[in-house]
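Contents: one structure, followed by commentary.
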Amino acid sequence: MFEQAKNELSTVRDMMRFAVSRFTEAELFFGHGTDNAWDEAAYLLLHTLKLPLDRLEPFMDARLTSDERDAVLKVIKRRIAARLPAAYLTNEAWLGDCRFYVDERVIVPRSHIAELLHEQLSPWIDDPWAIKNVLDLCTGSGCLAILAALAFPESKVDAVDLSPDALAVASRNVDDYGLTARMRLILSDAFTGIPGECYDLIISNPPYVKAESMAVLPEEYRREPELALASGWMALISCESCSKKLPATSIRTAC
């Protein structure tokens, strides 16, 4: 069928129809930035063809060169055969207007915390310029740590992760945003590598999927690093000054 497509399909519209049909036929799961076959196909085609990601319609009837057709069919086929999230095929993920490099060493960014950081954690943070020290625990690609650095312009940000591979990806993103002077990437199992540090703000999106749930996740999720997903329990962060215990997925300011 892909050989037929190579010989018989010629326009972006043709390729969109073909991709949607094949994605639907393969019963792909969509949960890494899109939630349906059409949006997934549009993103992959526009990225592969180096077109603006928000402008599909003007190009729908544009004819493709043979090299372009080969590239589009290759990414469609790989999405189906490998069940890879689209972000791993394009090496990018978006949180709002912010782009981050990703690959299979890190989980695909999708935390709701990003939306809160775009608002500088309002109404919980009264004065964003008063935040001086921030910790992002389980930083992965570094996306939330970077958003925190952008949201709180006077802050220094520590980004902690147990995975050297994840920190290598985070380092690339920190460099891309020009934040190396304000951010530290720290290899640590939770707080063990930062003894005695005190923070105005701690954010975290830790592993939280229990073993039973991991076993039945769609294949696309199981292409992500198990270390970033699998937990089996909900970690708690303990505040020494008030003895409160809070879920690690929560956001809190120092008491």
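All values reported here derive from a predicted model rather than from experimental measurement.
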How long is the span from the CD atom in Q120 to the CD1 atom in I131, to the nearest 0.5 Å?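 Q120 CD to I131 CD1: 10.0 Å, rounded to 0.5 Å.
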For a 4.5 angstrom cut-off between non-hydrogen side-chain atoms, does L9 reach M15?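 Answer yes - side chains close enough.
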Beyond-backbone contact of E197 with Y199, side-chain heavy atoms, under 4.5 angstrom: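 In contact.
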Counting distance only, does the side-chain N/O of T139 pair as donor-acceptor with the main-chain N or O of A159 below 3.5 Å?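 No.
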Taking NZ, NE, NH1 and NH2 as the nitrogens, is one of them in R223 or E220 under 4.0 Å from a carboxylate oxygen of the other?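 Salt bridge flag = no for E220 with R223.
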Is K132 salt-bridged to D200, going by a charged N under 4.0 Å from an acidic O?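 Answer for the salt bridge query: no.
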Is there a donor-acceptor contact under 3.5 Å linking the side chains of [X] and [Y]?
| X | Y | value |
| --- | --- | --- |
| W38 | E40 | no |
| T65 | R69 | no |
| R105 | S163 | no |

Who else is in V169's hydrophobic cluster (ILVMFWY, side-chain heavy atoms under 4.5 Å, direct or via others)?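 Direct or chained contacts put V169 with Y101, V102, V106.
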Could you check whether the rings of F2 and F18 sit parallel, tilted or perpendicular, using 30° and 60° as the cut-offs?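 Because their plane-to-plane angle is over 60°, the rings of F2 and F18 count as perpendicular.
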Measuring centre to centre across the rings, with the benzene-like ring taken for any Trp, is H32 within less than 6.0 Å of Y221?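 Under 6.0 Å, so yes.
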